[in-house]
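Here is the structure we will look at, set down as structure tokens.
Whatever order the structure lists ligands and atoms in, that order sets their numbers, starting from 1. Keep in mind the model is a prediction, meaning the values are calculated, not measured.
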Amino acid sequence: MSNEQVTAGKAVGIHFTLKLCDGKVVDSSEGQDPMLYLHGQGNIVPGLEEQLDGKAIGDKINADVDPEQGYGIRKEAGMTEVPRTDFPDDVKFVKGMQFVFEGEGGEVAPGWVVDFTDETVMIDLNHPLAGEHLHFEVEICSVRDATQEELKHGHPHGAGGHEH
Ligand code: ZN
């Protein structure tokens, strides 16, 4: 039976609903294949990964996750205005779009588009769900050993997983 337990190095399929404190659903696997993730690799937020550890196929859990263990706390001065010309010409901007930015020291950080005009793009360096308490309802649908290739990539392949 230990094969069915969620431990590091397992590819785990889950159905989940993510709600905020006000009950608003912000993400869900409903109507899709279960989401597949690689346990122990940081594919999902740390607070949820921790609470799934040791669970088994068929288990249903409600996991409340603090911002620190979720998408982080909101950073002051997270907003920054970037000239449109810093982006490739063919980018079609959509609010919520994610980019990876390189700082002056070569460090990279993700940022999300909150607004844009023909001249400038307003970027928030905070994850859209930063500062939020997260409420997950999760059902564990499948647990299997990850393949060597999946472990090397750090994510699972196949239905519900990473597409190359
Ligand atoms: Zn891969």
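- Here the angle at the Zn ion (ligand 1) defined by NE2 in H164 and NE2 in H157 stands at 100°, rounded to 10 degrees.
- Other residues, nucleotides and ligands contribute more than 12 heavy atoms inside 6.0 Å of the CD atom of Q32.
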- From CA spacing to verdict: salt bridge (charged side-chain N to carboxylate O under 4.0 Å, His left out), E137, K19: CA-CA 8 Å; E137 293 163 16; K19 291 179 186 171; 3.3 Å; yes
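- Classification of D145 and K10 as a salt-bridged pair holds, one side-chain N sitting under 4.0 Å from a carboxylate O.
- At a cut-off of 2.8 Å, H162 is not counted among the residues with an N, O or S atom near the Zn ion (ligand 1).
- Applying the salt bridge (Lys or Arg N to Asp or Glu O under 4.0 Å) test to E49 and every residue at least two apart in sequence or in another chain returns nothing.
- If you put the vertex on the Zn ion (ligand 1), ND1 of H153 and NE2 of H155 sit 120° apart, to the nearest 10°.
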